[in-house]
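What follows is a short report on a single structure.
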Amino acid sequence: MPDSITYGLVFAGGGAKGAYQLGVWKAFDKMNIHIGAVTGTSIGAINGALYAQGDLPLALKAWRGLNLRDVISMEDALAAPDNLFDVRNISQLLHSMFRQKGLDMEPVRELLKKYIDEDKVRASSIDFGVVSFDITSQKPVEIFKNDMPDGLLLDYIMASACFPVFKSVEIDGQKFIDGGVYNNMPADMLLSRGYKHLILVDIGGVGIVRGTKSGDADIITIKPQTPLGGLFDMSPKVLQMSLRRGMLDTYRAFGRLTGRHFYLSVRSSARFVKKYGQSVLDGLETAGQQYGADPYRVYTPEKLQSAVAEKFMTDSQKYTLLRQKASHSEFRSRLLEDRPRLRKFEKDFLIPAAVDILADPNTTVRARETLYRLVPAAAGAAEALLTLGIRPAAPDSN
């Protein structure tokens, strides 16, 4: 059982995408996942210290109140104050970097002092380590808390999080920059400590990821299926969504949720697959993607089916009307050509067209095979809808 295992946790770097890691932490607390040590790079180092400190409400408070003013000192207000790399900020950002020879990290230090207590991190039963790069000696520095001199824990965290837009961080006469230039996913630090069960939280940050010499280690990787927000996009909506996705992806990684493209409840999905088969569930998810079902809520297959059916009925009416127009009367037949020339907007109606073709008893085996070869996703979705008894709606007479 997961709660009988002691894991080593790795938080990768990735700037504001790190809100995702707080969602992972929330899920761990709900599932009673036991972490013995955490290592991190850049924002992963900051989140790792917060995790070792063990105060989730405080960490959530820090993230929910985060904005660029807390981490970056600029002479004038930014045109786009929630996203550093917004195109409207580039000219001002380059100007400030040139004048200051890198942005000042002092706001970051003040933020860390507000939320990270060195004594609590050191007293924690959870070990903590970071990676940074010493540009003075041209070598990486991988260091755990017990090897950091007293009073310098925040400095090593800042060194790990010193993204290239910032001035380098100096510790004992040596200059350090972001650990992502050496290893954005410092899993080997935990393997060297004897951890056989690792959880890697990959948020899609910029940096080098070195191959892990895992040997016989059991590794669970938690990562988003689609990209998170930008590296310095700190708009509240983006941060909150990243946090939610981290929580849901963790549940899925540990088997508490299932689904390829959506978050589906496990028991209801098992019953659904037993009744209809896995291919029908896969096709239903494909249709859900096509019709823009909310990908960040938890569904039963039946609820996803209901959402898909509603959108399909509207689309099938439009498709029927489209076929009735002279200029598009051959849409159905063109779809079965070897190289169909479809207008851009016609591609939006591939699923109802595929349902139309597959539901027709006069459709030949060869035509079916052609459809699956040309538009496999739409054909799979259509087959699923037909199996579930979803048929095209008649055009609205109004």
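All heavy atoms count here, side chains included; hydrogens, waters and symmetry mates do not.
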Go through it in stages, so that I can follow the logic: the residues are Ile135 and Ser168, the test is side-chain contact (heavy atoms from CB on, under 4.5 Å), and I'd like the CA-CA distance, side-chain angles, deciding distance and then a yes or no. CA-CA 9 Å; Ile135 57 174; Ser168 59; 4.1 Å; yes
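- At distances below 3.5 Å, at least one donor-acceptor pair connects side-chain atoms of Ser269 with backbone N or O atoms of Ser265.
- A side-chain donor-acceptor contact under 3.5 Å links Asn184 to the backbone of Gly13.
- Between the CD1 atom of Ile199 and the CD1 atom of Ile35 there is a distance of 4.0 Å, given to the nearest 0.5 Å.
- No side-chain heavy atom of Val10 sits under 4.5 Å from any side-chain heavy atom of Met189.
- More than 12 heavy-atom neighbours from other residues, nucleotides or ligands sit within 6.0 angstrom of CD on Gln278.
- Grouping the Ile, Leu, Val, Met, Phe, Trp and Tyr side chains by contacts below 4.5 angstrom, directly or via other members, places Phe163 with Trp63.
- The line from CG of Leu385 to CZ of Arg391 is 9.5 Å long, rounded to the nearest 0.5 Å.
- Using cut-offs of 30° and 60° on the angle between ring planes, the pair Trp25 and Tyr51 is tilted.
- Counting only distance, with no hydrogens or angles, the side chain of Arg245 and the backbone of Pro224 share no donor-acceptor pair below 3.5 Å.
- Taking CD of Glu302 as the reference point, atom CD of Gln305 lies at 7.0 Å (rounded to 0.5 Å).
- A donor-acceptor pair under 3.5 Å links the side-chain atoms of Lys311 to the main chain of Tyr291, judged by distance alone.
- Between the CG atom of Leu198 and the CG atom of Leu9 there is a distance of 9.5 Å, given to the nearest 0.5 Å.
- Residues Ala217 and Leu191 come closest through the heavy atom pair CB-CD2, 3.8 Å.
- Taking the side chain as every heavy atom from C-beta outward, Ile43 and Lys17 never approach each other to under 4.5 Å.
- Judged by distance alone, the side chain of Thr363 and the main-chain N or O of Ala359 form no donor-acceptor pair under 3.5 Å.
- Side-chain contact between Leu284 and Phe272 is present, with heavy atoms from C-beta onward closer than 4.5 Å.
- Side-chain atoms of Leu152 and Asp172, non-hydrogen and from C-beta on, do get closer than 4.5 Å to each other.
- Look at Arg210 and Asp188 and you find no salt bridge, because none of the NZ, NE, NH1 or NH2 atoms lies under 4.0 Å from a carboxylate O.
- Note on Asp119 versus Arg122: no salt bridge recorded, every NZ/NE/NH1/NH2 to OD/OE distance being 4.0 Å or above.
- Side-chain contact check for Thr136 versus Phe176: every heavy-atom pair is 4.5 Å or farther apart.
- With contacts defined as side-chain heavy-atom distances shorter than 4.5 Å, the pair Met247/Tyr20 does not qualify.
- Taking the side chain as every heavy atom from C-beta outward, Leu112 and Met158 approach each other to under 4.5 Å.
- At a threshold of 4.0 Å, the pair Glu110-Lys113 counts as salt-bridged, since one of the basic side-chain nitrogens sits closer than that to a carboxylate oxygen.
- Shown are Val181, Ile46, Val131; of these, the side chain to side chain contact (heavy atoms under 4.5 Å, CB included) with Thr41 is made only by Val131.
- Listed for the Asn47 side chain is no donor-acceptor partner under 3.5 Å among the backbone atoms of Phe11.
- Distance alone, capped at 3.5 Å, places no donor-acceptor pair between the Ser132 side chain and the Ile177 backbone.
- Residue-environment remark: CG (Asp147) exceeds the threshold of 12 foreign heavy atoms within 6.0 Å.
- Both Leu58 and Val108 belong to a single network of hydrophobic side chains, linked directly or stepwise wherever heavy atoms of I, L, V, M, F, W or Y lie under 4.5 Å apart.
- Linking Ile, Leu, Val, Met, Phe, Trp and Tyr whenever their side-chain heavy atoms come within less than 4.5 Å leaves Leu190 and Ile5 in two separate clusters.
- Of the N and O atoms on the side chains of Glu383 and Tyr372, at least one donor lies less than 3.5 Å from an acceptor on the other residue.
- Here CG of Leu22 is found 8.5 Å from CZ of Arg64. Values are rounded to the nearest 0.5 Å.
- The line from CG of Leu153 to CD1 of Ile157 is 4.5 Å long, rounded to the nearest 0.5 Å.
- Between the side chain of Gln225 and the backbone N or O of Phe262, no donor-acceptor pair lies under 3.5 Å.
- Across every non-hydrogen atom of Met234 and Ala16, the tightest pair is CG-CB, 4.0 Å.
- Linking Ile, Leu, Val, Met, Phe, Trp and Tyr whenever their side-chain heavy atoms come within less than 4.5 Å puts Phe128 and Phe28 in one cluster.
- Two residues are said to be in side-chain contact when any heavy atoms from C-beta on lie closer than 4.5 Å; Asp55 and Asp117 fail this criterion.
- In the model, Ser137 has a side-chain atom that pairs as donor or acceptor with a side-chain atom of Gln174 under 3.5 Å.
- Follow the hydrophobic side-chain contacts under 4.5 Å out from Tyr156 and you reach Leu154 in the same cluster.
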